[in-house]
Number of protein chains: 2
Amino acid sequence: MVDQIDAMDRKILGELQRDASQSLDEIARKVGSSKTPVWNRIRKMKEGGVIGQQTVILDPESLGLEACFFVLVRTNAHEAGWQEKFLKVLQKRPEVLEAHRLAGEIDYILKVRVKNARAYDEFYQALIKEVTIYNVTALLSMEEIKSTTELPL
Amino acid sequence: MVDQIDAMDRKILGELQRDASQSLDEIARKVGSSKTPVWNRIRKMKEGGVIGQQTVILDPESLGLEACFFVLVRTNAHEAGWQEKFLKVLQKRPEVLEAHRLAGEIDYILKVRVKNARAYDEFYQALIKEVTIYNVTALLSMEEIKSTTELPL
DNA sequence: CTTGAAACAGTTGCGGT
DNA sequence: ACCGCAACTGTTTCAAG
């Protein structure tokens, strides 16, 4: 699927990432094509899973979510089923916006959005109650310098 | 602005986050209202900055962006203008998807999306060439367990 | 809040290159 | 085979009650 994506596709993706509310005509004009071919390309990329969810970015502050933590998780007890349980808890918790399994000493990193430090502690307590964790370091974000969902094309 | 957001607004935001391609009628039906009032609420929340960019989520793998790093940055030389320069570099670089200024020992965390480890090294070399950095730790993501732009409402 | 109408955009089929 | 045209259908936008 990767190789099938040509320069025209990338231009379209760029426009969609930037502003998905644009009309087909507008996008077509910008990429130097017209409605139908652009529509067909978009359809194929949706089918192929290149284009996923269409969404709006909300302002966390406006919604009272004023704290953001990056959580570094170390585990040494790799019992059978532990990871499965851990993943299930992360999926369930809406304040966990991202979770990655890492290479190296730190096993996982989480990005957690909450109302305040107190809400983070509640999350943390709930987490360690459900799964045993060897070591946790929480990094508190003071300022979001940059935040984008736009991938480099 | 925060207090003005009521339960109905939150329901609408939930639907928009989940799928911004839905028609107004569909959203109105789901939240138990009708077209015009829903439209007016959305308009107000756009004006108020609660609702930001409308976008599509692209699949990084399909676009050949197979590596994701979290970069922990420590700096001790806080010369005048250093931070400004650092921010400018981060803004300029499209592979930097997120950047936060932190409380504590680690000063910044970055999330960087690139083609492969080689591309990360190129980014790293370019970064330290432009600004002096005391210490850098790169955490390589092996697996994206969870990734969402949907905030908890 | 509801109705409704005018402008606009998405979707599909057809003919041309 | 793909593109662009154009008609049709559905959606957004907004005014009036």
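A, B, ... follow the sequence lines: proteins, then strands. Residue 1 opens every chain.
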Tell me whether B/K146 at atom NZ has more than 12 heavy atoms from other residues, nucleotides or ligands lying less than 6.0 Å away. yes
Residues 79-116 of chain A vs ring pair (Phe, Tyr, Trp, His ring centres under 6.0 Å), sequence neighbours excluded, gives A/W82-A/F86, A/F86-A/Y108, A/H100-B/F70
Polar side chain donor-acceptor pair, B/Q22 to B/K30, under 3.5 angstrom: yes
Expected string for nucleotides 4-17 of chain D under the B/S/- scheme (protein heavy atoms, under 4.0 Å, primed atoms plus P, OP1, OP2 as sugar-phosphate) is BB-----SBBBB--
Starting from C1' on C/dT3, measure out to CG on B/N40 and report it in whole angstrom. 14 Å
What ring pair (Phe, Tyr, Trp, His ring centres under 6.0 Å) pairs are there with at least one residue in residues 117-153 of chain B, not counting sequence neighbours? B/F69-B/Y120
A side-chain contact here means heavy atoms from C-beta on lying under 4.5 Å apart; do A/Q83 and A/R101 qualify? yes
Whole angstrom value for the distance that separates C1' of C/dA9 from CG of A/L16: 15 Å
